[in-house]
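No hydrogens, no waters, no symmetry mates; every other heavy atom, side chains included, goes into these values. These numbers were taken from a predicted model, which means no experiment stands behind them.
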Amino acid sequence: MNKKIGNIFKGDKVIWMVFFFLCMISIVEVFSASSGLTYKSRNYIGPIIYHSGMIAFGVLVAVVTLNIPCRYFKLMTPFLMLISGITLLWVLVGGQTINGANRVISLFGFTFQPSEIAKGTIVLAVAQILSAMQRENGADRKAFKWILWITLPTCVLIGLENLSTAALLFAVVFIMMFIGLVPMRQLNKLAAIIVFLGVSAVSMVMIVGHDTTNEDAQLTKVEKAEQPKKKNKIEKLLHRADTWKGRILNFGKGDVAPEEYDLDKDAQVAHANIAIVSSSIVGKGPGQSNERDFLAQAFSDFIYAIIIEELGLFGGAFVAFLYIVLLYRCARIASRCENNFPAFLVMGLGLLLVIQATFNMMVAVGLAPVTGQPLPLISKGGTSTIINCAYIGAILSVSRSAKMKAIAPTAKQAKIKETAEQNNDITE
């Protein structure tokens, strides 16, 4: 029986343990944080059944993915690049709007986020480029150019509707290039360009965007009626500038006196802070959150605040620790890989999950502006849950091949040693 279970759950056992704990925490906390959904639908068990089904299907996807040999991931890259490009263009012109942005595509009754597929595809492609262009002293200088050729267009397409996801993806690619020993001179130039473009982008957002956080700065009804006619091409392109500007201004306020704090305009951040402050060390207990009824995205973007409120600082620290362990194990797996491609792939996927988790947790505790990034493998989701489980499956697939290759040289060395001893006996 144990052997049969072991044949199903192959790969790194620590990764499996982290995956299991994250899934269990997800089911419990999403069930608790979905009070708003259950109230609206009048179905108190429906949302958690749906989410549990997604988790179960995601585990199945992970098991299927881990049984795919790592070399076949290379063959999937061109097809995934084509699918990502088509769907990213599709979502811009015909996607469904969520929270003021076109982010999902509806197909045959199902919805999915093209950006989730694109993130893994870019990591896969970058890992392949870095591995193919490795030289004795690091990556070939041409690798930098090829990586930017595939990364920048994808980030631009994603960034038009989801700037935080584009920034997250580019950060992962930059770290992968650093790990892949891309010449530091090229990386330094890129970093300088990023800083310049970042400052320019923020300036453009502050100029084009309207301050929706201040009633005195809002347009009158007459001006609002005329606003669509006055929009120029830049404003149409940056139609989410109002949202971005509001988030920048809210984050830049710093500490605000309680009597001056506006719970209506800054509801998400305010109730997330209340949830954390009222948690104490041990928390209120699973299912005992009060702020879940006031947080609009309690089951997604701000689920970490609910975790701290219910499980306390220990629970929040434990969740953060799980992601640290995940990244550490990815690094260990990469160090055992004999080939470059699986090593870069496992590190890229690990960074993708952990950096996104870090951003989500920083937003929840007020260390970063609101980005709309869910907590990987914990937040309620459809496409994101399944794709993240596929990432775990790919990491486990690499861990299987890396483990076998780590064992093989040992057996070979033992055979060589045995042959040498026999030759010494004959000589004597």
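S397 places no side-chain N or O within donor-acceptor distance of the main-chain N or O of G393, the cut-off being under 3.5 Å. Looking at D12, its side chain does come within 3.5 Å of a backbone N or O of V14 through a donor-acceptor pair. In this structure, the side chain of R336 does not engage the main chain of A331 through any donor-acceptor pair within 3.5 Å. Under a 3.5 Å cut-off, the side chain of S52 and the backbone N or O of I49 do not form any donor-acceptor pair. The backbone N or O of L130 lies less than 3.5 Å from no partner atom in the side chain of W146, so there is not a single donor-acceptor pair. Side chain of S289 to backbone of E310: no donor-acceptor contact under 3.5 angstrom is found. Side-chain N or O atoms of Y323 include one that pairs as donor or acceptor with a backbone N or O of P376 at under 3.5 Å.
Side-chain contact between T154 and I150 is absent, with no heavy atoms from C-beta onward closer than 4.5 Å. A 4.5 Å side-chain heavy-atom check between L377 and T385 finds every atom pair outside the cut-off.
Among all heavy-atom pairs drawn from L157 and L89, the shortest one is CD2-CD2, 3.8 Å. Across A125 and M81, no two heavy atoms sit closer than the pair CB-SD, 4.3 Å.
The side-chain contact (heavy atoms from CB on, under 4.5 Å) check on A320 picks up Y304, M361, with sequence neighbours excluded. For I281, the side-chain contact (heavy atoms from CB on, under 4.5 Å) test picks out L313, F314, with sequence neighbours left out. N340 pairs by the side-chain hydrogen bond (donor to acceptor under 3.5 Å, both in side chains) definition with nothing, not counting sequence neighbours. For R332, the side-chain hydrogen bond (donor to acceptor under 3.5 Å, both in side chains) partners two or more places apart in sequence, or in a different chain, are Y328. Applying the side-chain hydrogen bond (donor to acceptor under 3.5 Å, both in side chains) test to E291 and every residue at least two apart in sequence or in another chain returns H271. In this structure A334 satisfies the side-chain contact (heavy atoms from CB on, under 4.5 Å) test together with A343, V346, M347, sequence neighbours excluded. Checked against side-chain contact (heavy atoms from CB on, under 4.5 Å), I276 has the following partners two or more places apart in sequence or in another chain: A305, I308, V365. Taking the salt bridge (charged side-chain N to carboxylate O under 4.0 Å, His left out) definition, one finds that K284 meets it with E309, sequence neighbours left out. For the side-chain hydrogen bond (donor to acceptor under 3.5 Å, both in side chains) test, residues two or more places apart in sequence or in another chain that qualify with T77 are Q128.
Distance check, rounded to the nearest 0.5 Å: OG of S32 to CD1 of I307 gives 10.0 Å. How far OH of Y72 is from SG of C70: 12.0 Å, rounded to the nearest 0.5 Å. L353 CG to C330 SG: the interatomic distance, rounded to the nearest 0.5 Å, is 7.5 Å. Distance check: L349 CG to M176 CE gives 7.5 Å after rounding to the nearest 0.5 Å. Rounding to the nearest 0.5 angstrom, the gap separating the CG atom in L375 from the NZ atom in K380 is 15.0 Å. Between C337 atom SG and F344 atom CZ the span is 10.5 Å, to the nearest 0.5 Å.
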task = Decide side chain to side chain donor-acceptor pair (under 3.5 Å) for Q373 and S164; before the verdict, give the C-alpha distance in whole Å, the side-chain angles of both, and the deciding distance to 0.1 Å.
result = CA-CA 7 Å; Q373 290 295 324; S164 60; 2.9 Å; yes

ask   = Can you list the steps and then say if Y391 with N388 is a side-chain contact (heavy atoms from CB on, under 4.5 Å)?
value = CA-CA 5 Å; Y391 295 162; N388 287 334; 3.7 Å; yes

task = Please assess L190 against F170 for the test side-chain contact (heavy atoms from CB on, under 4.5 Å), listing each intermediate value before the final yes or no.
result = CA-CA 11 Å; L190 179 60; F170 200 87; 4.0 Å; yes

request  = Could you please spell out the steps behind the side-chain contact (heavy atoms from CB on, under 4.5 Å) verdict for V319 and L311?
outcome  = CA-CA 10 Å; V319 171; L311 304 182; 5.6 Å; no

ask   = Are T87 and I117 close enough, and set up right, to give a side-chain contact (heavy atoms from CB on, under 4.5 Å), and what steps lead you there?
value = CA-CA 9 Å; T87 53; I117 301 174; 5.6 Å; no

ask   = Can you check side chain to side chain donor-acceptor pair (under 3.5 Å) on Q113 and S384, steps first, answer last?
value = CA-CA 8 Å; Q113 297 183 38; S384 60; 5.3 Å; no

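Side-chain contact, T121 with S84: a donor N or O sits under 3.5 Å from an acceptor N or O.
Counting non-hydrogen atoms of other residues, nucleotides and ligands closer than 6.0 Å to CZ of F144 gives a total above 12.
Shown are V63, V61, L326; of these, the side-chain contact (heavy atoms from CB on, under 4.5 Å) with I392 is made only by L326. Of the candidates I15, L396, I395, L66 forms a side-chain contact (heavy atoms from CB on, under 4.5 Å) with just one, namely L396.
For residues 347-360, the pairs satisfying side chain to side chain donor-acceptor pair (under 3.5 Å) are K119-Q356, with sequence neighbours left out.
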Hey, can you pull the donor-acceptor pairs under 3.5 Å for the side chains in residues 17-31, sequence neighbours left out?
{"unit_1": "S26", "atom_1": "OG", "unit_2": "H51", "atom_2": "NE2", "d": "2.6"}
{"unit_1": "S26", "atom_1": "OG", "unit_2": "I378", "atom_2": "O", "d": "2.6"}

